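Written below as structure tokens is the structure these notes are about.
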Amino acid sequence: MEEINVLIEQRYKKLEDLRKAGIDPYSNSFIPEVKAIDIKNTYSQYSQEMLENELIPLKVAGRIIALRDFGKAVFSHLQDSTAKIQLYFKKDILQDKFQLLKKLDIGDIIGVSGRLFKTKTNELTIEVTDYHILCKSLRPLPEKWHGLRDVEIRYRQRYVDLIVNPQVKEIFAKRSAIIKAIRDFLEQNGFIEVETPMMHQIPGGASARPFSTHHNALDIDLYLRIAPELYLKRLLVGGYERVFELNKNFRNEGISTRHNPEFTMLEFYIAYRDYEFLMNFTEELFSYVANKVLGTLKIPFGDHLIDLTPPWKRIRLLDALQVEGLSKEDISNIDAITSWAKSKSIDIPKGITLAKAIDEVFKELIEPTLIQPTFVIDYPVELSPLAKKKAEDPNFVERFELFIASREIANAFSELNDPIDQKERFLKQMEAKKQGDEEAHWMDEDFIRALEYGMPPAAGEGIGIDRLVMLLTNSQSIRDVILFPQLKPEQ
RNA sequence: GGGCCGUUAGCUCAGCUGGUAGAGCAGCUGACUCUUAAUCAGCGGGUCGGAGGUUCGAAUCCUCCACGGCUCACCA
């Protein structure tokens, strides 16, 4: 901890003074009866005369965020979880307790009893008849006007950020509302929420590097899950027809404005439907959430205005690649696409497969242009080891990715339920792993066994919740929508 | 991991080509019973991210390190 500075010392002194005066500076003796926002909503239309006549008694609690001393009167603002409200302390009302106000600081948490009135400037204010110190704050808060700007402190000490930056609190309130709306929508559509393991013996369901850990009693290595997919599909085998899980995934990859090592993912699965259904369903889901939370389908994001009004554009991956100078022949030949990419100064790694090269070009060239919601559909089978092949072309699968504002927001497909095909795909992945592909899928024998019992045809989708929250709160960094983003340790 | 930028008082920031550290807010003391970025008078507060180096002299120039931001690469 850093050395004690003067400001903190002064507060310690006040703390001692309070104790000497027989006051518990951390007492839990006061129960507020009303929230600031309710006071404002109920009484802001009242005239001074009406308030005078009714003498409405109130008990509120919160943090002192402003103090203005006038000698025999003190004005203050109190902030609770809902809003702030002005307090008026008068010497002739509080008598002895008025002196004790000297021991209060900005940041302290107090409970006050009083009655409502309106000031000359018409601000609804509580005239305090009694107050209780509920928590003495020992550290000074950031400045009232500029707030806290230092992003490092904002992330490391989110509690301070939340105290002084009301917009931050709003973002996380929205996050909560978004997640609630998603749950409501899915439940209205007959889904049940389930919890599957976060600790996997075989990390499956995605292409990513896992975090590993160890269980002592069993003496086995375990991995934090990179996706819940394979467990959710086991539930389809078990007979659930509509399930979802909305919780954390963990991927041992880089950290950026779009990546946090632990992040929140929604995955849902619906039996007897395919990815075509999911595209419509996704449009409905997003519309429902945006309307619930924002009351509109037109949302500002950075320099763009995103329009979520269905239907959204749908384009086949290969058609999306029909750009200048890139012919159909080029995208069916690894050498042709590599040399074409080179001419656009896109680096295609040597020894890469055609499918991965296509993916590379797409990410480089097309993804940045996908601002308005766009479903990119029909991916090469090689990139999608868990998706069902298209009946008319076994080189491709029934899969879409949803892009909004150049970001991949969702990934979905018609689920592969043929155990023999699935086994072959896993074997291919194992081969890739042997070749050094660290993110290739692992073989999961039990999952194959489950498929052998029979999984109904189904469609499944994953939606990156943090990215969705970014979109709906116009946040440019994932750290702004995660309360405690991962950072290096402080020195 | 690479590149660029940043780190000065509790907070927000100045500090130019090197000359020994400043403001506003917050704090302390005092005045003030309708203020609200209250006002007025006075005062205190700094290992200038860390360690080296250059120099008579370093917040300032150089090197290394730490942390953070943006960005590229990998990924959702």
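Hydrogens, waters and symmetry mates are skipped; everything else that's a heavy atom, side chains included, is used. Please read these numbers as outputs of a predicted model, since none were measured by experiment. In the text below, chain A, chain B and the rest are named by the order of the sequence lines, each starting its count at 1.
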NA contact type, [X], heavy-atom cut-off 4.0 Å: base, sugar-phosphate, or nothing?
X: A:Gly464; result: nothing
X: A:Gly147; result: sugar-phosphate
X: A:Asp69; result: base
X: A:Leu7; result: base
X: A:Tyr155; result: sugar-phosphate
X: A:Ile409; result: nothing
X: A:Glu127; result: nothing
X: A:Leu487; result: sugar-phosphate
X: A:Lys102; result: nothing
X: A:Glu262; result: nothing
X: A:Glu439; result: sugar-phosphate
X: A:Ser256; result: nothing

With both distances kept under 3.5 Å, what pairs with [N], Watson-Crick or G-U wobble?
N: B:rA26; result: none
N: B:rA66; result: B:rU7
N: B:rA58; result: none

query: Where each residue is assigned the nucleotide of RNA chain B containing its nearest heavy atom, which of A:Leu141 and A:Ile478 is assigned the position nearer the 5′ end?
result: A:Leu141

- prompt: Does the aromatic ring of A:Phe70 sit over the six-membered base ring of B:rC32, closer than 5.5 Å centre to centre and tilted less than 30°?
  reply: no

field: With A:Asp378, the salt bridge (charged side-chain N to carboxylate O under 4.0 Å, His left out) member among A:Arg316, A:Arg314, A:Lys388
entry: A:Arg316

Residues in salt bridge (charged side-chain N to carboxylate O under 4.0 Å, His left out) contact with A:Asp150, at least two apart in sequence or another chain: none

- request: Please determine, for the side chain of A:Trp145, which listed nucleotide (B:rC70, B:rA37, B:rC28) has the closest atom?
  value: B:rA37

query: Between B:rC34, B:rA38, B:rU12, which nucleotide gets closest to the side-chain atoms of A:Lys120?
result: B:rC34

Do any side-chain nitrogens or oxygens of [X] fall under 4.0 Å of OP1 or OP2 in [N]?
X: A:Lys144; N: B:rC25; result: no
X: A:Arg156; N: B:rG68; result: yes
X: A:Arg479; N: B:rC70; result: yes
X: A:Arg149; N: B:rC13; result: yes

- prompt: Would A:Lys14 and A:Asp108 pass as an ion pair if we require N to O under 4.0 Å?
  reply: no

message: For A:Asp444, is there an ion pair with A:Lys233 - N to carboxylate O distance below 4.0 angstrom?
response: no

- request: Evaluate the ring-ring contact (aromatic ring centres under 6.0 Å, His included) criterion for residues A:Phe413 and A:Tyr379: first the C-alpha distance (whole Å), next the side-chain angles of each, then the deciding distance (0.1 Å), finally the verdict.
  value: CA-CA 10 Å; A:Phe413 33 85; A:Tyr379 281 69; 9.5 Å; no

Nearest-angstrom distance, [atom1] atom, [N] to [M]:
N: B:rU60; M: B:rU7; atom1: P; answer: 12 Å
N: B:rA37; M: B:rC25; atom1: P; answer: 13 Å
N: B:rA66; M: B:rA51; atom1: C1'; answer: 11 Å
N: B:rC74; M: B:rC61; atom1: P; answer: 36 Å
N: B:rG10; M: B:rG42; atom1: P; answer: 24 Å
N: B:rC62; M: B:rG22; atom1: P; answer: 25 Å
N: B:rU54; M: B:rA41; atom1: P; answer: 49 Å
N: B:rA14; M: B:rG53; atom1: P; answer: 31 Å

- prompt: Is there a donor-acceptor contact under 3.5 Å linking the side chains of A:Gln86 and A:Thr125?
  reply: yes

field: Separation between CD1 of A:Ile56 and CD1 of A:Ile39, rounded to the nearest 0.5 Å
entry: 10.0 Å

message: Using a 6.0 Å cut-off, check whether atom NZ of A:Lys40 has over 12 heavy atoms from anything other than its own residue.
response: yes

Residue that, paired with A:Asp466, satisfies side chain to side chain donor-acceptor pair (under 3.5 Å) out of A:Arg175, A:Arg258, A:Arg479: A:Arg175

query: Any N or O donor-acceptor pair linking the side chain of A:Tyr88 to the base of B:rU33 at under 3.5 Å?
result: yes

- prompt: Is a donor-acceptor contact shorter than 3.5 angstrom present between the side chain of A:Glu143 and the base of B:rG10?
  reply: no

- request: Answer with yes or no after comparing the ring centroid distance for A:Phe281 and A:Phe185 against a 6.0 Å cut-off, counting only values under it.
  value: yes

- line: Within residues 244-255 of chain A, those residues having any heavy atom closer than 4.0 Å to RNA chain B are A:Arg251, A:Glu253, A:Gly254

task: Starting from C1' on B:rU33, measure out to CZ on A:Arg68 and report it in whole angstrom.
output: 14 Å

